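Source: prediction; values computed, not measured.
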Amino acid sequence: MAQKPSIPKGTRDFSPTEVAKRNYIFFTIKQVFETYGFQPIETPSFENSSTLMGKYGEEGDRLIFKILNSGDYLKKVDEALLVSKNSLQTTSKISEKALRYDLTVPFARYVVQHQNDIVFPFKRYQMQPVWRADRPQKGRFREFYQCDADVVGSKSLWQEVEFVQLYDAVFSKLKLIGTTIKLNNRKILSGIAEIIGEKDKLIDFTIALDKLDKIGEEGVAKEMLAKGISENAIKKVKPLFSFKGSNQEKLNQLQELLANSVEGTQGVHDLRFVVNAIENLGLQSANLELDVTLARGLNYYTGAIYEVSAPKNVKMGSIGGGGRYDDLTGIFGLKNVSGVGISFGLDRIYLVLEELNLFDQVELPKPKVLFLNLGEQEATYCMKALLKLRKHQVKSELYPDASKMKKQLNYANRRAIQFVVIVGTSEMENKKFTLKNMQSGEQQTCNLQELVDITTSL
RNA sequence: GUGAUUGUAGCUCAGCUGGUUAGAGCGCCGGAUUGUGGUUCCGGAGGUCGCCGGUUCGAAACCGGUCUUUCACCCCA
């Protein structure tokens, strides 16, 4: 046997069953997106490197798949540069394109490029694969789908409320009960950093804080100290580590803590607006939880921050996330366009639904009727009947080869096909069909019209 | 990028401290049974033991490298 073929690390093939299940999730999300007034767009799989590089931080740049230039790409590279073995600089010379890393940056590019044709506020959704040169592990792949919905051109907090509802609507529809939508606001984080006098260390501070539930109080304190945050400052944030109570209670505590910070106070106000609205309107199956430790790595969030975690009995990283970015299009030259958006991680949602056996209602596309093939004349006779059945939307097929009946019936069994039609010389003479129910084993003789009636009604 | 882990037939896996021709179950193909399946019985095909190198009289097994799988960290969906 030849060398077994393989696919690259972190990529997957999908079987008919898996595709059916994935489509079910796609379809559900798409439906909710459209119900909420979002319109679909698509962008290319790869972008100019300059569009992507530098937008996701140092870590992100490392994870971007670069596409080698075509042609004799080394020819133009300076000899000294090659000898220097400087990967970073050489890469920019031999690669000018890169695979999409997420859907938000390409969207920002899209908005700037098509700003004259877009009606603002622009609500778009996008469900496409993205690629990351990550080491794969549980729920982490190198090719995966994101399903994003974003609104640009509005600072309204109502949008932030709607995204919470949208999350709730999708997961409820998928029967995924008990998800937690975590909510925070970047202004709160800035406010805290300001209050403790470490405003310039905001990023380090938030990254450390984000790890609270993973490495605990001690770990966070240690990491903050390592990043140069003063002991005094850490003492001041300590109360946040054991932040308990209802969302309203947390808001009240925050308000007090951040009273001397203009930005922090604004953050509390924004959060309170969303929390109050949701409490007023209600959620179907999700929980809304204020979480001040929620930071998320992406540098461009400026307001609301969302993250969705699966029901508590499932061990899985976040299945969705998002937030507000006041100036994302700014890097592409369009100022003062605020955007807020969320993302669903299709592949992780799939894993969660699979683990909880929530795919039971997903039907595999399969034929309902199989015509056995007993010879050339019989097949011709069957093909005529097939034409009519298919006209009536009955999923049906003819076994392609005149194989043994045992083999053909076995095929029907394997594919769990409900009906088999048997046509031999006697049926042809009488212009009839023998219809066999594969579950009960019962058979009946019928004419073409009856065949259509029976198979369309059952 | 760091640290572990995995790889034997199409699939799931056995294979002892290195020792004849590497096994099982399931699946596949054929027959019992030329127009009636899921059961049963019989037979058959299918493996450079991930790849490359090393140690050895001898390697699926030991050593090194590499790729792959899975997992944790980092980061993230």
Side-chain angles (χ1 to χ4, degrees), chain A residues 1-12 15 25 29 56-64 87 100-104 127-148 167 203 206-208 210-211 214-215 219 223 294-299 306-310 315-323 341-352 370 372-375 378 399 402-428 433-443:
Chain A
M1 192 178 54
Q3 177 84 33
K4 250 189 242 176
S6 61
I7 53 173
K9 164 200 311 199
T11 65
R12 296 149 300 153
S15 68
I25 303 174
I29 295 175
Y56 308 102
E58 207 179 305
E59 178 79 8
D61 281 357
R62 195 176 55 103
L63 297 178
I64 291 174
S87 298
R100 183 166 59 210
Y101 177 87
D102 72 355
L103 300 177
T104 309
M127 310 203 292
Q128 291 189 277
V130 301
W131 295 269
R132 295 184 188 178
D134 226 343
R135 282 255 198 119
Q137 57 180 279
K138 187 173 185 186
R140 170 181 291 184
F141 309 98
R142 296 172 91 171
E143 177 183 62
F144 62 98
Y145 271 79
Q146 288 192 332
C147 308
D148 278 30
Y167 267 136
I203 300 278
T206 52
I207 288 176
D210 191 37
K211 292 179 190 162
K214 223 171 207 171
I215 59 179
E223 176 154 342
L294 178 61
R296 300 178 52 76
L298 291 176
N299 314 343
Y306 304 100
E307 184 169 291
V308 185
S309 49
K315 203 172 165 245
M316 178 64 66
S318 63
I319 55 178
I342 58 169
S343 176
F344 290 84
L346 176 104
D347 304 79
R348 285 186 179 176
I349 293 172
Y350 181 101
L351 291 172
V352 172
L370 174 73
L372 297 196
N373 185 338
L374 300 183
E378 289 88 341
Y399 194 86
S403 310
K404 280 198 187 140
M405 195 177 257
K406 176 177 168 127
K407 191 172 173 178
Q408 300 192 37
L409 287 170
N410 239 325
Y411 171 83
N413 278 332
R414 291 293 301 273
R415 295 197 61 193
I417 296 171
Q418 199 177 352
F419 293 107
V420 155
V421 172
I422 303 166
V423 170
T425 37
S426 65
E427 280 92 349
M428 286 198 289
F433 299 86
T434 298
L435 180 65
K436 182 182 174 78
N437 183 323
M438 290 300 281
Q439 274 139 41
S440 64
E442 283 165 21
Q443 288 186 195

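- When the C1' atom of B:U36 is taken as reference, atom CG of A:N373 falls 15 Å away, rounded to whole Å.
- When distances run from any side-chain atom of A:K404 to the nucleotides B:A77, B:G31, B:C75, the shortest one goes to B:G31.
- Contact annotation for A:G317: no contact, since no heavy-atom pair falls under 4.0 Å across all strands.
- Atom name P, nucleotides B:U34 and B:U70: the rounded distance is 47 Å, in whole Å.
- You'll find a donor-acceptor pair under 3.5 Å spanning the side chain of A:R140 and the base of B:C75, going by distance alone.
- A distance of about 28 Å separates the P atoms of B:U33 and B:A24, rounded to the whole Å.
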Inset, instruction - Evaluate side chain to side chain contact (heavy atoms under 4.5 Å, CB included) for A:F433 paired with A:V421, printing each intermediate quantity in order. - result: CA-CA 7 Å; A:F433 299 86; A:V421 172; 3.8 Å; yes
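- In terms of the side chain to side chain contact (heavy atoms under 4.5 Å, CB included) criterion, residue partners of A:E442 (sequence neighbours excluded) are, by chain and number, A:S440.
- If you run side-chain hydrogen bond (donor to acceptor under 3.5 Å, both in side chains) between A:Y411 and each of A:R414, A:K407, A:R415, only A:R415 comes through.
- Across B:C75 and B:G3, the matching C1' atoms stand 16 Å from one another, rounded to whole Å.
- Under the side-chain hydrogen bond (donor to acceptor under 3.5 Å, both in side chains) criterion, A:Q443 pairs with A:K436, not counting sequence neighbours.
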Legend entry - Intra- and inter-strand pairs of RNA chain B in dot-bracket (Watson-Crick or G-U wobble, both distances under 3.5 Å; | for another strand): ((((..(..((((.....[...)))).(((((.......))))).....(((((..]....))))))..))))....
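- Using atom P as the reference point in both B:G43 and B:U6, the two lie 38 Å apart (nearest Å).
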Nucleotides 5-7 of chain B: which of its N/O atoms have a protein N/O under 3.5 Å away?
none

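- The same atom, C1', is picked in B:G46 and in B:A22; the two are 14 Å apart, to the nearest Å.
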Inset, instruction - List the protein contact pattern of nucleotides 37-43 of chain B with one symbol per nucleotide (5' to 3'): B for base contact, S for sugar-phosphate-only contact, - for none; contact means a heavy-atom distance under 4.0 Å. - result: BB-----
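- Nucleotides B:C13 and B:G18 place their P atoms 25 Å apart, quoted to the nearest Å.
- For the atom pair A:Q146 CD and A:T104 OG1, the distance stands at 6.5 Å (nearest 0.5 Å).
- Here B:U36 presents its C1' atom at 6 Å from CD1 of A:I422, a figure rounded to the nearest Å.
- In this structure, A:Y399 places its OH atom 13 Å from P of B:G35, rounding to the nearest Å.
- Qualifying side-chain hydrogen bond (donor to acceptor under 3.5 Å, both in side chains) partners for A:E143, counting only residues two or more places apart in sequence or in other chains: A:W131.
- Note on residues 127-141 of chain A: pairs passing salt bridge (Lys or Arg N to Asp or Glu O under 4.0 Å), not counting sequence neighbours, are A:D134-A:R140.
- Note on A:E58: nothing from the nucleic acid sits closer than 4.0 angstrom, heavy atoms only.
- We find that the ring of A:F344 and the base of B:A77 do not stack by the test of centres under 5.5 angstrom and planes tilted less than 30°.
- Taking atom C1' in both B:C41 and B:G47, one finds a spacing of 28 Å when rounded to whole Å.
- Rounded to an integer number of Å, the gap from A:Y167 OH to B:A77 P is 9 Å.
- The backbone N or O of A:G321 sits less than 3.5 Å from a side-chain atom of A:Y167, completing a donor-acceptor pair.
- Listed for the A:E307 side chain is no donor-acceptor partner under 3.5 Å among the backbone atoms of A:L294.
- Counting any heavy atom pair closer than 4.0 Å across all strands shown, A:Q408 reaches no nucleic acid atom.
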Would you tabulate the nitrogen or oxygen pairs shorter than 3.5 Å linking the protein to nucleotides 27-29 of chain B?
from  : atom 1 : to     : atom 2 : distance (Å)
B:G27 : O3'    : A:R414 : NH1    : 3.4
B:C28 : OP1    : A:R414 : NH1    : 2.6

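- B:C75 atom P lies 16 Å from atom CG of A:D61, rounded to whole Å.
- Of the C1' atoms belonging to B:U21 and B:G58, the separation is 15 Å, rounded to the nearest Å.
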Pairwise N/O distances under 3.5 Å, protein to nucleotides 68-72 of chain B:
from  : atom 1 : to     : atom 2 : distance (Å)
B:U68 : OP2    : A:K9   : NZ     : 3.4
B:C71 : OP2    : A:K138 : N      : 2.9
B:A72 : OP2    : A:Q137 : OE1    : 2.8

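- Rounded to a whole Å, the CD1 atom of A:I64 is 13 Å from the P atom of B:C76.
- Toward the 5′ end of RNA chain B lies the nearest nucleotide of A:L374, the other residue of the pair A:L374 and A:I319 mapping further downstream.
- Note on A:E59: a base of the nucleic acid sits closer than 4.0 angstrom, heavy atoms only.
- In terms of the salt bridge (Lys or Arg N to Asp or Glu O under 4.0 Å) criterion, A:D61 has no residue partners (sequence neighbours excluded).
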With a 3.5 Å cut-off and sequence neighbours excluded, list the donor-acceptor pairs that the side chains of residues 341-348 of chain A form with protein atoms.
from   : atom 1 : to     : atom 2 : distance (Å)
A:S343 : OG     : A:D148 : OD1    : 2.8
A:D347 : OD1    : A:Y145 : N      : 2.8
A:D347 : OD2    : A:R12  : NH1    : 3.2
A:D347 : OD2    : A:R12  : NH2    : 2.6
A:D347 : OD2    : A:R22  : NH1    : 3.0
A:R348 : NE     : A:G139 : O      : 2.7
A:R348 : NH1    : A:S318 : O      : 3.0
A:R348 : NH2    : A:G139 : O      : 3.3

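- Applying the side-chain hydrogen bond (donor to acceptor under 3.5 Å, both in side chains) criterion to A:T434, with sequence neighbours excluded, gives A:E427.
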